[in-house]
There are 2 protein chains.
Amino acid sequence: MKLKELAEKLSLSQTTVSRALNGYPEVNEATRERVNKAALKFGYSANANARRLAMGRVGAIGLVIPADSSQRFGPHTAEFLAGLAERLARDEIDFLLSPIVDNDEISVYKRLISSKRVDAIIVSGPVLVDERVSMLLDANFPFVLHGRTNIEKPHAWLDIDNQGAFYQAASHLIDLGHRHIAMIDGLRGFTFSEHRELGYRQALGERGIEIDPRFIVHDYFSDEIGFRETQRLLACTPQPTAIIAGSMMTALGVARAVRNNGYQLGKQISLITHDDVFPYLNASNMVPSMTTTRSSMRSAATRIAEILVRVLDGEPLHKIHELWPVELIVRQSSGPPVSR
Amino acid sequence: MKLKELAEKLSLSQTTVSRALNGYPEVNEATRERVNKAALKFGYSANANARRLAMGRVGAIGLVIPADSSQRFGPHTAEFLAGLAERLARDEIDFLLSPIVDNDEISVYKRLISSKRVDAIIVSGPVLVDERVSMLLDANFPFVLHGRTNIEKPHAWLDIDNQGAFYQAASHLIDLGHRHIAMIDGLRGFTFSEHRELGYRQALGERGIEIDPRFIVHDYFSDEIGFRETQRLLACTPQPTAIIAGSMMTALGVARAVRNNGYQLGKQISLITHDDVFPYLNASNMVPSMTTTRSSMRSAATRIAEILVRVLDGEPLHKIHELWPVELIVRQSSGPPVSR
DNA sequence: TAACCAATCCAAAGCGCTTTGGATGAAAAG
DNA sequence: CTTTTCATCCAAAGCGCTTTGGATTGGTTA
């Protein structure tokens with residue numbers, strides 16, 4: 001069923017039918033009613049490609065995702081997508097996931113832009129000097145960045161205060177009396193990871209605590225890494241009495257290693273985790289409940305979607321910056337150091 | 001830069017340029033070379049919408065995802081997407097995620113079909129009598145089902161042997177001497193969930209073990225549910241001595257509850273988990289290592305993508321059925337029941 | 001009654017691409 | 001030297017929609 005056929009069935013012109021369906025004012029309400037009913041009855045819905053071709057607008061936003069079997073597409077990405085979906089559904093905006101081909105991320109972005117399949121792009125997981133961001137800026141293509149870069153040229157971003165998160169976590173631990181604090185975070189190079197380390201260093205620096213490079217770990221977020229690195233850390237002299245974990249996955253491994261060595265969380269070893277709020281992994285339900293720096297990945301994504309909807313409606317986005325604070329939620333997994 | 005402009009720059013017709021770019025034979029190799037170079041130089045890439053409009057083919061596959069804040073978009077979905085991406089990247093096929101609007105899933109599918117934005121659809125998480133499947137069959141739209149239904153009309157599907165998985169798990173536990181076995185699986189109604197329960201009942205039935213309805217739990221996959229339900233189960237008389245968990249998330253909660261009650265996994269309480277193979281949650285690295293029925297969600301998705309690529313190349317898919325076996329991997333979390 | 005004006009509808013021109021059905025010229029065949 | 005054949009290339013017709021610029025109509029106003 002195409003527009004022409006529908007128009008014929010209604011004895012109307014394509015113009016009128018099109019206008020009726022798209023809510024233009026120059027069509028009689030009775031006619032519009034008739035058209036809508038017929039469209040529903042015949043299951044008509046506009047051919048998206050034709051529509052886009054004619055309008056020059058797409059009604060979809062793009063997202064480039066890693067396609068290798070690496071860890072990069074994990075629960076964080078999933079939460080992010082879920083958050084986007086939650087908001088974009090309202091406006092019937094789809095999103096196009098473009099897998100990275102041949103490890104050539106930039107050209108996937110270029111293809112996405114020049115093939116005009118999306119109205120805007122979401123970039124996430126930036127590094128400090130992010131090639132994708134500078135490319136999109138040069139191309140003058142609308143995008144929203146989840147995270148931040150060092151790039152000066154103005155652009156829209158939304159980030160959480162990663163530095164503050166780890167600063168708070170470390171400070172809290174120092175306040176409790178800890179002097180040997182380790183951190184196990186995400187891969188080096190990513191902004192969030194660098195910012196977190198900055199926060200960690202700042203807290204320790206302010207309190208005159210020397211930084212032990214063995215205590216700073218950057219790797220994937222997985223329980224295996226958490227376990228392995230914690231085993232290693234617990235074998236160090238001096239032994240750390242507290243660990244800050246960058247993700248819930250990591251924390252699961254840390255907790256396991258701690259138990260495995262006969263220690264108790266919150267007693268001999270304290271643990272603070274950054275919690276992206278996975279619905280299926282609840283920090284307050286753990287035993288002992290987990291002290292966390294919390295910031296919902298899903299909410300951030302929903303907010304980004306919100307911003308994007310405005311962009312699609314033509315609003316410029318040069319000056320959208322949102323830095324979300326991260327709250328420290330003290331629970332049982334952190335406590336004053338206990339001598340053994 | 002559009003085709004017309006590129007053609008002008010090259011002093012060629014649009015036809016020739018189009019043909020050169022799309023690899024048609026009726027164009028001189030030298031010319032093709034020249035065209036390709038120019039396209040690269042000017043950063044030309046065809047407007048996807050125009051291209052699709054002209055060709056009637058899209059180069060994208062559709063996937064409908066839940067947009068509510070429910071648990072339905074979780075790590076399983078993420079792994080599934082990752083698996084798809086891994087394969088589809090090779091052929092530069094994108095996928096379109098359509099969030100469900102107003103809880104009206106069917107109409108999202110209808111819209112996806114009639115708006116011609118995708119060449120095929122992936123349906124996952126079917127229930128036994130799945131409305132979406134019958135609709136797609138009626139509409140004669142190509143799709144691949146991840147899972148199975150009771151619907152007779154032939155269609156393509158790929159599923160894992162969920163019944164066999166729980167049958168194996170339960171049988172193994174019975175072999176070890178367990179007589180009180182509980183299962184905590186996904187929501188009722190979903191095929192996978194029903195099939196698993198079937199396997200469980202079959203194993204117990206064959207060995208003449210009476211089924212205690214209190215021991216069969218259907219709920220979301222989350223550590224919280226795992227914890228709560230295990231607490232409840234451990235308070236039952238008689239107490240189950242073994243639990244089969246439907247997901248790794250659930251299992252984390254189960255393990256926690258078991259510890260919380262002063263029991264050891266694999267000793268007083270045995271645990272077998274279905275493992276969808278999350279890269280960040282490794283059953284063999286747990287302590288104690290986890291006995292699982294294993295089947296990689298990601299691999300299944302990759303295979304489905306493979307099938308879809310063939311569909312897009314015009315191959316019919318009426319008769320594609322794949323039932324993947326699930327292997328039981330015995331590790332430390334299951335052992336003979338120990339009296340207390 | 002004539003002139004005017006909204007309100008409503010329509011024909012036709014794109015949007016940028018692919019593809020059909022020929023042209024064109026040079027090489028091969030007669 | 002003429003005819004046929006083949007390899008190249010091209011003009012123009014869609015693909016299904018939106019949108020521009022007018023027509024048409026019935027009701028208002030002077």
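As the structure is a computational prediction, the values presented were derived from the model and not from experiment. In what follows, chains are A, B, ... by sequence order, proteins preceding strands, each numbered from 1. Just so you know, these numbers use all the heavy atoms, side chains as well, and skip hydrogens, waters and symmetry mates.
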Protein-nucleotide distance ([X], atom [atom1]; [N], atom [atom2]), rounded to Å:
X: Lys4(B); N: dC10(D); atom1: NZ; atom2: P; answer: 15 Å
X: Asn47(B); N: dC15(D); atom1: CG; atom2: P; answer: 18 Å
X: Arg51(B); N: dC17(D); atom1: CZ; atom2: C1'; answer: 20 Å
X: Asn22(A); N: dG16(D); atom1: CG; atom2: P; answer: 17 Å
X: Arg52(A); N: dT19(D); atom1: CZ; atom2: C1'; answer: 19 Å
X: Glu26(A); N: dG22(D); atom1: CD; atom2: C1'; answer: 13 Å
X: Glu33(B); N: dT8(D); atom1: CD; atom2: P; answer: 14 Å

From Phe95(B) CZ over to Leu97(A) CG, what is the distance, rounded to the nearest 0.5 angstrom?
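Between Phe95(B) CZ and Leu97(A) CG, I get 4.5 Å after rounding to 0.5 Å.
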
Would you classify Asn49(B) as touching base, sugar-phosphate or nothing, given that sugar-phosphate means primed atoms plus P, OP1 and OP2, and contacts are heavy atoms under 4.0 Å?
nothing

Across the strands shown, which category fits Ser11(B) at heavy-atom distances under 4.0 angstrom: base, sugar-phosphate, nothing?
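Ser11(B): backbone/sugar contact only, no base atoms under 4.0 Å.
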
Sidechain-backbone polar pair: Ser11(A) side chain, Ala7(A) backbone, donor-acceptor under 3.5 Å
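No, Ser11(A) side chain to Ala7(A) backbone: no donor-acceptor pair under 3.5 Å.
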
Would Arg303(A) and Glu306(A) pass as an ion pair if we require N to O under 4.0 Å?
no

Can you tell if the side chain of Glu79(A) reaches within under 4.5 Å of the side chain of Ser296(A), non-hydrogen atoms only?
no

Among dT20(D), dG16(D), dT19(D), find the nucleotide with the atom closest to the side chain of Tyr24(A).
dT19(D)

Nearest of dC9(C), dC17(D), dG21(C) to any side-chain atom of Leu3(A)?
dC17(D)

Could you check whether the side chain of Thr15(A) and the base of dT19(D) have a donor-acceptor pair of N or O atoms closer than 3.5 Å, going by distance alone?
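Result: at least one qualifying N/O pair found.
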
